Amino acid sequence: MKECVIMRRLEERKVKKGTVFFMQIMFMLFLISQISYAEGKNSITYHVKEDVPVIEGTGDIPSQKREYYDEDAVTSIKKIIVKEGITGLGDYCFGVDYPEAVSIELPSTLKSIGKGVFMSCFSLKEIKLPSGLCEIPKDCFWECSDLEKVVIPDTVTAIRAGAFKECVSLKEMVLPDSVREIEKNAFQKCENMVKFVVPSKLSAWKNPLVKCPRLRTVVNRSTHSLVLDDCHGNKMWYVKGRRVKEVKENQTAVSKGKRFKITYRFLGGKKTGKLPTSYRYGNPIRLPLNIKKKNYQLLGWYNPKDKYTPYYCTKTGVHLVGNIRLSPLWVKYKVENVKNKTIEIVMDDSEAVVRFGGFAVRYSTNRDMKNAKYVTTRGNKGFIRNLRKNKRYYVEVCYIEPEMEADEGEFSDVWVGKRSVVIKR
């Protein structure tokens with residue numbers, strides 16, 4: 001949920017640093033031992049080339065027994081190559097243990113994959129499934145939160161339950177006409193999915209699109225009428241302007257989220273520009289920081305109703321429901337050059353509606369914050385050290401949870417409070 005400060009994925013799935021390479025080798029030795037246990041049915045070898053594991057030979061890579069997250073077992077491997085000759089991937093084969101794998105190359109000889117095989121590969125961006133696969137199994141890509149593109153071959157006939165559950169970066173899905181069955185919750189909580197095209201030969205639709213708040217268009221190319229999810233009454237579906245609960249054959253349905261009111265408490269601040277007075281369910285809008293208070297910095301808006309952004313936000317959440325009343329998060333904020341070519345940042349949140357355990361700082365010599373560097377603080381004070389004398393630096397801040405680290409990608413929407421400091425001492 002990139003619009004909020006509290007990144008659930010990082011909070012729940014932290015990856016240990018440090019002895020990563022040793023962990024990779026130990027885990028792969030375990031994998032090899034599993035393969036050798038297959039009583040000669042498989043002939044598979046593994047080696048590492050430039051920190052990339054390469055698996056080759058003939059037969060199936062066996063299933064992993066573990067289907068839960070274990071922080072001690074994860075690796076920081078970025079790429080995995082499975083060579084020609086491998087015919088199957090067992091249950092959870094690459095699931096859970098490869099949260100930083102961006103690329104997984106699969107061979108044309110692959111004919112089957114097990115359940116949860118790529119589960120929790122958070123960093124996987126795209127993948128091409130080879131021709132010959134008959135189904136995408138249960139939980140196959142569950143929680144592949146960075147997955148943006150999947151190439152599905154026209155040999156696939158079924159997509160099983162939870163196959164793409166919580167793939168929050170998928171925006172559009174056009175399934176090949178070979179797909180005949182889509183099971184329950186196959187695309188559950190794909191919160192940024194906006195368009196879904198139903199294949200023409202579909203015969204079984206078991207409510208696969210649930211809790212997809214941003215889904216706007218469903219194109220039904222099949223010969224069946226398909227029930228549409230209204231997200232507990234917060235979304236309305238229309239066909240040619242007429243409100244419907246299902247989309248019939250060869251029709252296209254479009255949705256509109258229910259509208260809710262926004263009101264504000266300024267807590268001593270003064271409005272300086274326009275503020276939105278309503279939002280629609282499933283359609284996040286920006287919440288501009290258009291109020292000021294003397295001697296205070298506004299970091300964002302606090303919305304106690306939004307359980308997905310429990311502290312402060314600069315957007316409405318995609319799952320947000322109901323009328324809301326926002327309060328500003330005011331802090332006293334000071335940035336100054338102290339001795340030894342150091343910048344000191346002091347954040348006083350003693351009067352804020354919600355207090356935090358730390359904050360992040362980014363700084364750059366460029367006003368547009370290009371090539372910024374990042375510092376994470378604990379408590380209300382932070383330092384940027386070893387700066388260049390007589391050089392101007394720009395500084396911005398955002399609040400984070402105590403155990404989190406500053407990162408450009410995760411916090412790009414919420415950096416505020418730009419200050420300019422010239423290093424004089």
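As the structure is a computational prediction, the values presented were derived from the model and not from experiment. Values below: every heavy atom of this structure, side chains too, minus hydrogens, waters and symmetry copies.
Atom OG of S169 sits about 10.5 Å away from atom CG of L124, to the nearest 0.5 Å. Considering OG of S108 and CD1 of I86, their distance stands at 12.0 Å, rounded to 0.5 Å. Here CD1 of I152 is found 13.0 Å from OG of S131. Values are rounded to the nearest 0.5 Å. We find the CH2-CG distance between W301 and L329 to be 10.5 Å, quoted to the nearest 0.5 Å. Atom-to-atom distance recorded for L106:CG and I81:CD1 is 11.0 Å, nearest 0.5 angstrom. To the nearest 0.5 Å, atom OG1 of residue T252 and atom CZ of residue R221 are 10.5 Å apart.
The residues E181 and K206 are annotated as salt-bridged, a charged nitrogen and a carboxylate oxygen being separated by less than 4.0 angstrom. With respect to E191 and R214, no salt bridge is recorded, no charged nitrogen being found less than 4.0 Å from a carboxylate O.
At a threshold of 4.5 Å between non-hydrogen side-chain atoms, the residues L215 and L209 count as touching. V361 has its side chain within reach of V397: a pair of non-hydrogen atoms, C-beta onward, lies under 4.5 Å apart. In this structure the side chain of S63 never reaches within 4.5 angstrom of the side chain of Y92, judged on heavy atoms. Taking 4.5 Å as the limit, every side-chain heavy atom of I345 sits out of range of all side-chain heavy atoms of R419.
The backbone N or O of G114 sits nowhere less than 3.5 Å from a side-chain atom of D91 that would complete a donor-acceptor pair. Panel note: side chain T87, backbone G59; a donor-acceptor pair is recorded below 3.5 Å. Proximity of a side-chain donor or acceptor of S364 to a complementary backbone N or O of K370 within less than 3.5 Å is detected. Proximity of a side-chain donor or acceptor of N234 to a complementary backbone N or O of Y281 within less than 3.5 Å is not detected.
Between W415 and Y374, the ring planes are tilted. Angles from 30° to 60° get that label. Ring planes of F164 and F141: parallel class, angle under 30° (limits at 30 and 60°).
Contacts of K240 classified as side-chain contact (heavy atoms from CB on, under 4.5 Å), with partners at least two apart in sequence or in another chain: none. Legend: residues meeting side-chain hydrogen bond (donor to acceptor under 3.5 Å, both in side chains) with T223, ordered by chain and number and at least two apart, are absent. Taking the side-chain hydrogen bond (donor to acceptor under 3.5 Å, both in side chains) definition, one finds that K128 meets it with nothing, sequence neighbours left out.
Using modelled atom types, one finds a donor on one side chain and an acceptor on the other under 3.5 Å when comparing R265 with S327. There is a side-chain donor-acceptor pair under 3.5 Å between S120 and E143.
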- Item | Derivation of the salt bridge (Lys or Arg N to Asp or Glu O under 4.0 Å) call for E351 and K332 | CA-CA 9 Å; E351 299 178 36; K332 292 182 178 178; 3.8 Å; yes
- Step by step, would you call K245 with W237 a side chain to side chain contact (heavy atoms under 4.5 Å, CB included)? CA-CA 7 Å; K245 292 186 176 181; W237 286 97; over 6 Å; no
